[in-house]
**Q** 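Below is the structure I would like to discuss, written out as structure tokens.
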Amino acid sequence: MAIKKQTYGRLALNICILILVNVLASMLFFRIDLTTDKRHSLSDTSKDILQELDDIVYVKVYLEGEFPAGFTRLQNATHQLLNEFRSYSSFLEYEFINPSENTNQEERNNLYRQLYEQGLEPTNLQVQEKNGSSEQIIFPGAIIYYKGVNVSLNLLQGQFGTHHEVVLNNSIANLEYEFSNAFLKLFEQRKPRIAFIEGNEELSIAETIDITNSLGVEKGSLSEYYQVERFDIKEFTIDSVTQKASIQKQLETMTLFQAIIIAKPNTPFNNLDKFLIDQYIMQGGKVLWFIDGVAMDMDSLNNGNAFSMALPLQLNIDDMLFKYGVRVNADLVMDMQSDEIPVVTGYQGDRPQQGMFPWFYNPLVIPKNTHPISKNLDALRTTFVSTIDTVNTNSIKKTPLLFTSPYTKLVKSPHRVSLNILEREPKLDQYKAGEQMIAVMLEGKFSSVFENRINPINKKIPLLSKSEETKMIVVADGDIIKNHVSKSGNAYPLGYNPYNNQQYNGNKKFIINALNYLLGKEELLLIRSRELKLRLLDKNELANNRFFWQIINILTPLLFIAILGLVWTMNRKRKFST
Amino acid sequence: MKKISTIILLLVAITTIIYQQSKNTIKKELRDFAVAEIDKVQKIFFADRFNNEVLLTKQHGKWYVGEHLARENAIELLLNTMQKIEVKNPVAESMHNSVIKSLATNAVKVEVFTHDENTPFKTYYVGRESSDHLGSYMILENSNKAFVMHLPGSNGFLAPKYNIDGEKVHVDLWRERAIFQFKTNTIDTLQITHHQSEERNFSLIKTNESYHYQGEVKDVQTEVINTYMQLFENTYCEGFMNTYEKKDSIFASTPLHSISISANGINTTLHTYNKKPRQLHLDAESNPRKWDIDRMYAKLGDDLLLIQFRTFNPILYGPTHFAVEK
């Protein structure tokens with residue numbers, strides 16, 4: 001009886017200890033991540049975002065079912081990440097859904113259509129079965145609900161020319177950023193104002209419609225993050241007292257925008273334009289420049305001409321950019337890693353026969369650097385891109401963001417651009433100019449271009465000669481932000497080549513990341529720079545010693561258990577033999 | 001003792017692992033609206049806040065609403081919805097109280113019975129549509145957690161799939177809408193009466209497997225009569241309107257037409273009545289039409305029906321329809 005009482009007493013004690021340990025654990029919450037790349041640890045930014053949650057965030061992940069190993073890894077990583085998120089916020093709920101579960105084909109297709117319309121991109125998988133292979137459609141994405149609004153999130157990131165295992169690994173590495181970014185989008189009540197500058201024949205509304213509002217089903221546009229407006233720098237408010245155009249008022253209006261985008265101007269800036277932009281920067285304004293070094297576009301070649309002259313584009317801003325720390329060169333990069341254009345190769349009767357040819361003046365830029373703005377981006381489509389040189393300015397930090405491939409050739413303007421180059425095989429030894437920088441970020445305290453000069457505009461307006469800490473990004477191609485508009489006025493998605501139906505998603509993401517970085521979301525973007533090392537099997541070793549490694553994998557755990565059992569038995573024998 | 005402690009620790013560990021592996025973080029008992037084995041459902045009961053009740057029962061493989069046969073497609077849609085509804089999203093905490101209040105005052109109670117006919121297998125409440133109109137607020141009985149529910153792949157809210165009209169349920173919405181379902185040659189006599197133009201009245205009387213025409217026209221086409229009789233094989237009304245407050249005054253008015261059918265010793269009579277148009281319709285002289293040109297009311301037994309000219313015009317042809325063309 002006494003033994004029984006003791007037993008129950010111990011049991012009660014153990015249960016109490018268990019409860020106490022749990023209570024203490026919930027009070028003293030900590031986690032230890034033993035992985036070298038800290039893959040199970042959230043960034044402080046994500047933790048802050050999660051701790052700010054004030055209502056239920058419901059994440060529906062459409063990644064459930066039988067997948068190949070790579071997608072199972074993505075699924076598990078998403079699952080783990082969401083569990084991690086839940087450790088920091090009890091408001092987060094999630095569900096994994098298999099959209100292909102319904103056996104009714106019509107209903108299944110309706111769901112596919114609905115998910116596609118909501119912005120999730122389908123992926124076709126070849127699944128190996130006993131009797132061959134079959135095709136499976138999956139939607140590696142999630143829809144996140146918060147207070148009656150929702151955003152969709154594609155977990156698999158398209159990366160042109162990248163091995164699918166690397167794409168999956170990069171997608172896994174970016175999961176935290178993508179989710180945190182989506183949460184931020186949902187929480188942001190008042191969007192910051194940004195503006196496209198007009199007045200110097202910049203890109204029109206139609207030519208920037210995709211980056212502004214997202215034309216395609218795939219979401220991702222500036223208006224998801226910002227209130228995007230257009231601001232004509234030459235259109236002034238008339239002062240009611242003096243009845244004159246108010247420069248001060250113009251500057252005040254400009255400073256309401258947290259960032260301005262100067263998208264492919266074509267006519268020279270006058271001193272007043274330069275003064276306004278300069279003083280906007282001096283007041284801490286952020287600028288995203290998309291500037292062409294030479295005046296050249298495909299329309300010049302399409303109008304029946306076999307060639308056209310690429311001439312230096314005189315925008316009258318060289319001195320400004322030079323003062324800030326860069327120079328956009330009046331040259332063109334010809335890159336063997338390029339997009340294609342259609343060219344008439346002959347006629348069959350009256351009908352022209354077309355072929356697609358790589359057009360070296362349209363380099364495809366595949367970002368390789370680790371800066372959060374451009375890391376793991378899909379290819380960017382460029383058109384007649386120039387190079388950028390940085391200038392020695394002490395207080396400015398310069399970070400290159402985009403480089404062409406190493407297989408380049410530089411041509412100085414004036415340069416004769418001709419379709420005839422397609423007729424000849426390119427000489428590889430000419431394309432050895434190496435990687436060319438085409439985008440750079442400048443950070444620091446900028447000096448005004450009007451510093452030590454007489455105020456060119458109005459002496460009554462105080463001239464700021466040194467800026468606050470601010471940033472700008474200069475891209476040496478205006479077309480990176482330009483979506484194609486057909487002659488009939490139809491706009492195509494940014495980065496889309498209508499001739500071969502190839503979509504390059506890098507343009508859009510680069511611009512969004514760039515603006516997010518400029519406007520203080522760098523902490524969020526830093527999550528993007530996390531590197532998860534891909535630990536793939538050594539294919540050569542696998543081919544040579546497959547059986548050996550299979551045996552090792554099977555026997556090692558068994559051996560381990562056997563040793564453990566042996567030690568346990570020996571221990572017991574020793575204990576009870578006395 | 002050690003063993004018990006080990007077992008407890010193991011159970012705790014296993015529970016934690018299972019919880020970690022769960023692919024849905026919302027407790028099943030809070031979101032378990034769907035009826036997986038829909039074939040086992042035998043009875044469905046609806047009740048609204050106006051004390052209207054509808055009882056759907058399955059008898060010998062067919063569904064009935066009260067003593068009437070229920071519409072097959074409506075039942076199919078309901079069962080499919082019940083089987084496949086999913087959580088669209090939980091109701092935001094900031095809105096939860098107002099949604100609960102709204103459910104308490106507007107929702108329709110749905111009870112689903114399987115084999116045990118006295119205890120519902122599942123009970124939940126279907127409320128109003130969510131703000132984006134892509135789901136409906138719903139809550140399970142004895143739960144304090146409301147959800148926006150939807151049918152995956154379908155864009156819309158769920159009340160129409162449960163045949164809820166606004167916030168009301170009614171037997172009429174579930175009833176089979178077939179008025180005449182007489183197989184060929186089962187009609188013994190048929191009489192069409194045009195109360196406003198008696199010269200158009202006629203009757204057809206079955207004699208020796210063919211129909212004898214009685215009316216103004218002398219020479220009739222037999223084939224036309226045979227085709228005409230086929231119209232009574234499947235004639236549907238648009239809906240039942242037994243809750244319409246002017247039902248009695250419609251029945252008290254003079255009918256436009258009467259269709260009397262005698263088959264297998266049972267007499268069936270349908271009377272039609274003019275219906276006022278819902279919207280302003282102008283005639284050729286731009287005068288407002290007094291009567292609806294698309295629909296009529298009809299009386300069949302004690303039921304007030306809404307019928308369409310599109311269906312009944314061929315039935316109400318005058319005798320000239322049968323006349324031999326000269």
Side-chain angles (χ1 to χ4, degrees), chain A residues 3-4 6-11 13-15 17-19 21-22 53-64 75-76 78-80 82-83 85-86 90-99 101-102 104 106-115 117-118 143-150, chain B residues 1-13 15-17 19-28 30-31 34 36 76-77 80-81 83-99 129-135 137 145-148 150-156:
Chain A
I3 293 171
K4 250 191 176 177
Q6 202 183 0
T7 313
Y8 285 126
R10 274 188 182 178
L11 179 63
L13 186 70
N14 278 337
I15 291 172
I17 291 170
L18 203 68
I19 292 169
V21 167
N22 270 291
L53 290 183
D54 60 348
D55 211 322
I56 298 169
V57 172
Y58 188 56
V59 184
K60 286 172 112 172
V61 184
Y62 290 88
L63 202 54
E64 178 66 15
Q75 180 198 35
N76 290 339
T78 311
H79 194 192
Q80 274 174 16
L82 291 172
N83 277 336
F85 281 168
R86 272 174 67 77
S90 56
F91 282 115
L92 194 118
E93 306 279 2
Y94 66 79
E95 183 184 2
F96 278 73
I97 295 166
N98 179 359
E101 202 173 25
N102 197 334
N104 183 317
E106 191 187 338
E107 289 176 356
R108 200 168 59 232
N109 288 344
N110 284 340
L111 178 57
Y112 288 166
R113 194 172 301 120
Q114 196 177 52
L115 295 177
E117 283 166 2
Q118 285 183 279
I143 297 176
I144 306 171
Y145 297 84
Y146 176 73
K147 289 185 177 175
V149 288
N150 64 72
Chain B
M1 181 59 217
K2 270 189 176 175
K3 274 185 184 171
I4 295 172
S5 299
T6 315
I7 290 167
I8 291 173
L9 281 172
L10 273 174
L11 282 174
V12 171
T15 316
T16 313
I17 290 167
Y19 177 73
Q20 288 280 316
Q21 291 306 308
S22 166
K23 293 291 176 72
N24 196 327
T25 53
I26 298 173
K27 286 181 187 166
K28 190 168 193 297
L30 296 176
R31 58 174 165 85
E76 203 177 299
L77 181 65
N80 190 44
T81 305
Q83 189 181 31
K84 287 167 184 163
I85 48 168
E86 280 182 7
V87 171
K88 180 170 176 278
N89 57 282
V91 174
E93 291 207 347
S94 52
M95 291 172 63
H96 201 259
N97 283 346
S98 60
V99 169
E129 62 269 28
S130 56
S131 53
D132 60 3
H133 299 269
L134 295 175
Y137 293 118
K145 184 87 193 148
F147 292 92
V148 177
H150 77 145
L151 196 60
S154 157
N155 286 327

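Only a predicted model underlies this, so the values are computations on that prediction, with no experimental measurement involved. All chains are named by letter (A, B, ...) in the order of the sequence lines, taking the proteins before the strands, and each is independently numbered beginning at 1.
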**Q** Give the C-alpha distance, both sets of side-chain angles, the deciding distance and a yes or no for side-chain contact (heavy atoms from CB on, under 4.5 Å) between Gln75(A) and Lys23(B).
**A** CA-CA 11 Å; Gln75(A) 180 198 35; Lys23(B) 293 291 176 72; 3.3 Å; yes
**Q** Where on Lys88(B) is there a heavy atom nearer than 4.5 Å to chain A: the side chain, the backbone, both, or neither?
**A** both
**Q** Side chain from CB out, backbone as N, CA, C, O: work out which of these in Phe91(A) comes under 4.5 Å of a heavy atom of chain B, or both, or neither.
**A** side chain
**Q** Between Asp55(A) and Ser94(B) (side chain of the first, backbone of the second, donor and acceptor by atom type, cut-off under 3.5 Å), is there such a pair?
**A**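 Pair found, side chain donor or acceptor close to backbone of Ser94(B).
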**Q** Gly153(B) and Asn110(A): which non-hydrogen atoms are nearest, and at how many Å?
**A** O-CB, 3.5 Å
**Q** Under the side-chain contact (heavy atoms from CB on, under 4.5 Å) rule, collect the residues that match up with Ser130(B), sequence neighbours excluded.
**A** Asp132(B), Tyr137(B), Val148(B)
**Q** So if I apply the side-chain contact (heavy atoms from CB on, under 4.5 Å) rule between Tyr94(A) and each of Asn24(B), Thr25(B), Ile26(B), which one comes out positive?
**A**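 Going through the options one by one, the only one that passes is Thr25(B).
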**Q** Mind checking the CG-NZ spacing from Asn89(B) to Lys60(A)? Nearest 0.5 Å is all I need.
**A**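 So the CG of Asn89(B) and the NZ of Lys60(A) are separated by 7.0 Å.
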**Q** I need the residue from Leu111(A), Ile97(A), Asp54(A) with the largest number of non-hydrogen atom pairs under 4.5 Å to chain B.
**A** Leu111(A)
**Q** For Asn102(A), check side-chain hydrogen bond (donor to acceptor under 3.5 Å, both in side chains) against everything at least two apart and list the hits.
**A** Glu107(A)
**Q** Atom CD in Glu101(A), atom CD in Glu86(B): separation rounded to 0.5 Å?
**A** 7.5 Å
**Q** Is there a side-chain contact (heavy atoms from CB on, under 4.5 Å) between Gln114(A) and Asn155(B) once you walk through the steps?
**A** CA-CA 8 Å; Gln114(A) 196 177 52; Asn155(B) 286 327; 2.7 Å; yes
**Q** By a 4.5 Å heavy-atom criterion (distance strictly below it), what part of Gln80(A) contacts chain B: side chain, backbone, both, or neither?
**A**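 For Gln80(A), no heavy atom lies under 4.5 Å from chain B.
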**Q** What's the spacing between Glu93(B) CD and Ile56(A) CD1 if we round to 0.5 Å?
**A** 4.5 Å
